[in-house]
Amino acid sequence: MGILRRRRSRKQHDESEPTEITITLDALTSASLHMNATIRRHGEDHPESIEAMRIVAYHLARDARRQQDAAALLHHVAGLTYANLGPDHPDTLTAVYEAGDLQCAVGNLELAEQMLREALAGRERVLGRDHPDTLLAAQALGVVLTGLGRPAEAQALHDDVAERRERSLGAGHESTLISRGKRADALRSAGRFEEAAALFREIVADTDRAYGPDSWKATVARNNLAATEFQLGHAEAAADLFRDVLRAATRLPEREGFAARVRSNLATVLFGLERYREAGVLLRDSVAECERVFGPDHPETIQSVANLARVLAVEGDRSTAAELTRRCLAHYEARLPPTHPRLTELREFLDDLEPG
């Protein structure tokens with residue numbers, strides 16, 4: 001937080017009285033002013049300028065609606081750091097990892113894969129395979145591969161990370177629990193639902209013991225288990241679990257967009273149960289909240305929009321459903337490989353909405 005003060009004199013009758021004006025700058029504005037001044041003074045590729053850009057990117061990333069801007073700036077920072085320090089400098093490896101991880105968050109999965117592979121290879125060379133930073137890069141790459149529809153590759157990475165963390169940290173450590181959750185998610189993406197559900201049940205039990213059943217981590221674990229139960233065909237059980245998660249989410253400190261994600265998940269289950277009116281209400285709330293929190297072109301928003309399109313189609317509003325589906329297609333076509341299953345599914349759905 002930056003504060004600027006200026007004094008000026010004001011004459012009232014024959015007396016002078018100083019007046020103080022205080023202008024308070026938010027953290028992003030203050031960091032941006034500092035960045036611009038540093039670049040003017042030293043040039044863009046000076047270490048102080050690069051660090052100033054990095055700080056601005058961090059502030060941008062805190063606002064979900066500005067994450068695209070943050071991702072672009074961090075990508076630029078990574079390039080400058082690479083050019084100045086070389087591929088194996090610790091600062092370069094950090095910059096490339098952070099840029100790749102944020103590209104994943106905003107849905108640019110092919111670019112994220114490229115950057116995270118570079119970060120992982122560099123950290124394995126410089127730090128070794130068991131270093132915590134190396135394991136973070138491997139885990140982030142696994143998330144990207146799951147999103148790209150390559151769960152077998154993701155599974156191998158998550159298995160390796162989980163085993164290494166469990167050996168060094170123990171089964172109940174927070175980092176190990178995260179790794180096991182990513183491992184279960186890759187199993188789910190590969191269609192191995194029974195194995196995924198069994199692992200998610202273990203994670204729920206371990207998280208309850210470690211942090212308490214009403215904790216944020218336990219709530220997230222139940223959300224993941226509920227999604228897997230639905231894929232196993234246990235729709236009523238999944239709906240009950242999602243309702244429990246949604247109630248817990250309202251009691252916990254606000255996590256940006258989490259309640260919207262849960263509403264979208266619950267709506268998907270209700271859609272499967274042919275309870276379309278309830279699903280539509282939840283999805284309209286989810287889309288509105290996602291657009292407010294994340295912006296209109298964020299992956300979280302687009303997922304809720306795609307779900308809402310399916311409900312609208314069933315309700316008979318095929319023109320609006322088609323419009324929303326085209327919006328989703330435009331988003332994914334800019335970010336995913338052309339043969340990605342999500343694109344194929346949306347194109348087929350749009351063809352059904354627009355026959356001939």
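One is the number of the first residue; the rest follow in order along the sequence. Everything quoted here is computed from the prediction, not taken from an experiment.
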Cation-pi between Arg188 and Phe193: NZ/CZ under 6.0 Å from ring centre and within 45° of the ring axis? no
Atom [atom1] of [X] and atom [atom2] of [Y]: how far apart are they, to the nearest 0.5 Å?
{"X": "Leu28", "Y": "Tyr58", "atom1": "CG", "atom2": "OH", "result": "15.0 Å"}
{"X": "Leu353", "Y": "Thr320", "atom1": "CG", "atom2": "OG1", "result": "10.5 Å"}
{"X": "Ile203", "Y": "Asn224", "atom1": "CD1", "atom2": "CG", "result": "8.0 Å"}
{"X": "Glu113", "Y": "Cys104", "atom1": "CD", "atom2": "SG", "result": "11.0 Å"}

With the threshold set at 4.0 Å, does a side-chain nitrogen-carboxylate oxygen contact exist between [X] and [Y]?
{"X": "Arg183", "Y": "Glu166", "result": "no"}
{"X": "Asp185", "Y": "Lys182", "result": "no"}
{"X": "Glu202", "Y": "Arg180", "result": "yes"}
{"X": "Glu48", "Y": "Arg54", "result": "no"}
{"X": "Asp159", "Y": "Arg164", "result": "no"}
{"X": "Arg326", "Y": "Glu354", "result": "yes"}
{"X": "Arg342", "Y": "Glu345", "result": "no"}
{"X": "Arg347", "Y": "Asp351", "result": "no"}

Would you list the atom pairs, donor with acceptor, under 3.5 Å between side chains in residues 273-282 and any protein atom, with sequence neighbours excluded?
unit_1, atom_1, unit_2, atom_2, d
Arg275, NE, Glu278, OE2, 3.1

Could you tell me whether the side chain of [X] and the main chain of [Y] form a donor-acceptor pair under 3.5 Å?
{"X": "His34", "Y": "Val56", "value": "no"}
{"X": "Ser286", "Y": "Ala260", "value": "yes"}
{"X": "Ser30", "Y": "Ala27", "value": "no"}
{"X": "Thr146", "Y": "Ala186", "value": "no"}
{"X": "Gln155", "Y": "Leu187", "value": "yes"}
{"X": "His75", "Y": "Ala99", "value": "no"}
{"X": "Asn36", "Y": "Ser32", "value": "yes"}
{"X": "Thr134", "Y": "Asp130", "value": "no"}
{"X": "Thr176", "Y": "Gly172", "value": "no"}
{"X": "Asn108", "Y": "Leu111", "value": "no"}

Give a yes or no on this: more than 12 heavy atoms of other residues, nucleotides or ligands lie within 6.0 Å of atom OH of Tyr82. no
State whether the number of non-hydrogen atoms from other residues, nucleotides or ligands found under 6.0 Å of Glu194 atom CD is greater than 12. no
Show every salt bridge (Lys or Arg N to Asp or Glu O under 4.0 Å) that has at least one partner inside residues 74-88, sequence neighbours left out. Asp88-Arg125
Output field: ring centroids Phe258/Trp216 closer than 6.0 Å: yes
Which residue in the set Arg292, Arg327, Glu289 passes side chain to side chain contact (heavy atoms under 4.5 Å, CB included) when paired with Thr301? Arg327
Checking [Y] against [X]: is there a side-chain donor and acceptor pair closer than 3.5 Å?
{"X": "Glu44", "Y": "His76", "result": "yes"}
{"X": "Asn307", "Y": "Gln303", "result": "yes"}
{"X": "Glu118", "Y": "Tyr97", "result": "no"}
{"X": "Ser179", "Y": "Arg165", "result": "yes"}
{"X": "Asn84", "Y": "Thr81", "result": "no"}

Pair Glu300, Arg65 - check salt bridge (charged side-chain N to carboxylate O under 4.0 Å, His left out), show working. CA-CA 11 Å; Glu300 294 286 354; Arg65 297 180 65 91; over 6 Å; no
Quickly, which of Arg201, Lys217, Arg222 forms a salt bridge (charged side-chain N to carboxylate O under 4.0 Å, His left out) with Asp208? Name it, please. Arg222
Please test Arg284 against Glu315 for salt bridge (charged side-chain N to carboxylate O under 4.0 Å, His left out), starting from the C-alpha separation and ending with a verdict. CA-CA 14 Å; Arg284 288 178 179 87; Glu315 291 178 340; 3.5 Å; yes
